[in-house]
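Notes for the one structure printed next.
Given the structure is predicted, the values throughout are model-derived calculations rather than measurements.
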Amino acid sequence: MSLPDRTGLSRREYLRAVVAVGGASALSACVAENGESDVPSGTDDPESLPSRQHAWNDALSTDDDGNVQLPEHHVLLALSLVEDGAPTDADRETVETSLRTLERAYEWSNEGLVFTIGYTPAYFERVGSLATETVDLPAPTALTTREDPEPDDFDALLHLASDHAEVVLRAEEALFSDVADVNGVDVDADLSSIFERVDDQRRTGFVGPGLPADHTDTSGVPEEVPEDAPFFMGFRSGFRANQATEDRVTITEGPFEGGTTQHVSSMDIQLETWFTQDSHRQRVSKMFSPEHVDEDLVGEIGEQLSTSSGVTDERIEATAEDARTRGVVGHAQKAARAREDGHPLLLRRDFNTVDGDRPGLHFLSLQREIEEFVRVREAMTGSDLAGNGVGGVFNNGILQYIFVNRRGNYLVPPRSLRALPPGDPA
């Protein structure tokens, strides 16, 4: 993929575009555009880092309401093992050394770099049976009759995230290219002898106020995307009260105690229909609930909501009645029906994308068991509501506007087992 033409692009648009391209030329273009960022260094003491790979929240910034803010730039690297058979101890040492280089180079924060590496069911078929008595990791499948997703059947997925485009690009180069140092730290080993990148499954994206509106020159992204919205569909997300805690999504027993499971759905979004055929009131009712419209709870992009989406127990209980009597139900109120003792099951870390030059979302969730993601997805699908006032997709939340292309399930081990874990560690 060639570098984008700088003409007519804002600085933010250009940086997003070069992250999507990747590689040494993209890194050079990023530095030429932005200069060398003053990025805080990491640590030589691995014990000072969280034992959980997915422990990001305490290190990330928060908005004015105290909601965690994800880094702006994201890269998902799909990885396949170079050699057949189970990895060796030397392979594991190489992977760990490579990942430790990033932790020495960059502070564990938005301003530096946060990352995870997770492993697919296909990987564990290669290395030996997974300890399934404590880890639920089925192969990904279609979850509705409307989808026929491609499975993520490579070996691993590396998620890199930073507020600085240069950092995610330089981290990728340090892992897979002949780079002498990264942010002043010598690169003693890289992943190229262990993994090869699945280039056609390299996925990128962004999240943050104003970033979606920067892409109205992309086919399928209408001018109506609100200027300050952090997500393509126009509303804030990731409210603290509607996110599972990192404790809630952590595996609590067995050899992978301290890890978590990860699901990634890559999807297209039909934004033109969403913005040009629906009014703002209709979008609010389909994203949240009809009562959100009645009580004017949301505002233009959700600025009137603080730490919660406003989906109360009463609004959850009213879902079926809203379908029958209002002819519409909200995405948020449907999905909230899967809460357990009033608590969310998923910790979402999803982000916008224009991969393939079209608007979409890489929906990334963490949960203790994949079954919990499936449970939330079934509640969000709302098949039980279809024919009782709403259709299978029409006026049934946002189903009409999203189209899933890929699904992947991963085990994200604790940091101590992140380097090519065996299926059943002793």
**OP:** Please determine which of Trp56, Trp108, Tyr106 meets the ring pair (Phe, Tyr, Trp, His ring centres under 6.0 Å) test together with Phe115.
**Re:** Trp108
**OP:** Check whether the side chains of Thr319 and Glu317 place a donor and an acceptor atom closer than 3.5 Å, and report yes or no.
**Re:** no
**OP:** Would you give the length of the straight line joining atom CD1 of Ile370 to atom CG of Asn409, rounded to the nearest 0.5 angstrom?
**Re:** 4.0 Å
**OP:** Might you work through the ring pair (Phe, Tyr, Trp, His ring centres under 6.0 Å) test for Phe176 and Phe195, ending with a clear yes or no?
**Re:** CA-CA 9 Å; Phe176 285 98; Phe195 287 115; 7.5 Å; no
**OP:** Determine the sole option in Leu297, Val298, Asp296 for which the side-chain contact (heavy atoms from CB on, under 4.5 Å) test with Gln304 is passed.
**Re:** Asp296
Original post:
To the nearest 0.5 Å, what is the distance between CZ (Phe232) and OG1 (Thr353)?
Top reply: 7.5 Å
Original post:
Is the shortest heavy-atom distance from the side chain of Arg236 to the side chain of Asn67 under 4.5 Å?
Top reply: yes
**OP:** Examine the side chains of Ser266 and His362 and answer whether a donor and an acceptor come within less than 3.5 Å of each other.
**Re:** yes
**OP:** Assess the pair His74 and Phe351: is the distance between their ring centroids shorter than 6.0 Å?
**Re:** yes
Subject >> Check: Phe154 and Leu79 side chains under 4.5 Å, non-hydrogen atoms >> reply: no
Original post:
Is there side-chain contact between Glu72 and His164, with heavy atoms separated by less than 4.5 Å?
Top reply: no
Original post:
So His215 and Phe206, ring pair (Phe, Tyr, Trp, His ring centres under 6.0 Å) or not? Walk me through it.
Top reply: CA-CA 11 Å; His215 295 84; Phe206 50 91; 4.3 Å; yes
Original post:
Is a side-chain donor-acceptor pair under 3.5 Å present for Thr204 with Asp355?
Top reply: yes
Donor-acceptor list for residues 410-426 side chains, cut-off 3.5 Å, not counting sequence neighbours:
residue, atom, partner, partner atom, Å
Tyr410, OH, Asp152, OD2, 2.6
Arg415, NE, Pro50, O, 2.6
Arg415, NH1, Glu103, OE2, 2.3
Arg415, NH2, Pro50, O, 3.2
Arg418, NE, Glu96, OE1, 3.0
Arg418, NH1, Glu103, OE2, 2.6
Arg418, NH2, Glu96, OE2, 3.0
Arg418, NH2, Glu103, OE1, 3.1
Arg418, NH2, Glu103, OE2, 3.4

Original post:
So do the side chains of Asn396 and Val329 get within less than 4.5 Å of each other, counting heavy atoms only?
Top reply: yes
Original post:
Do we see a donor-acceptor contact under 3.5 Å between the side chains of Arg248 and His343?
Top reply: no
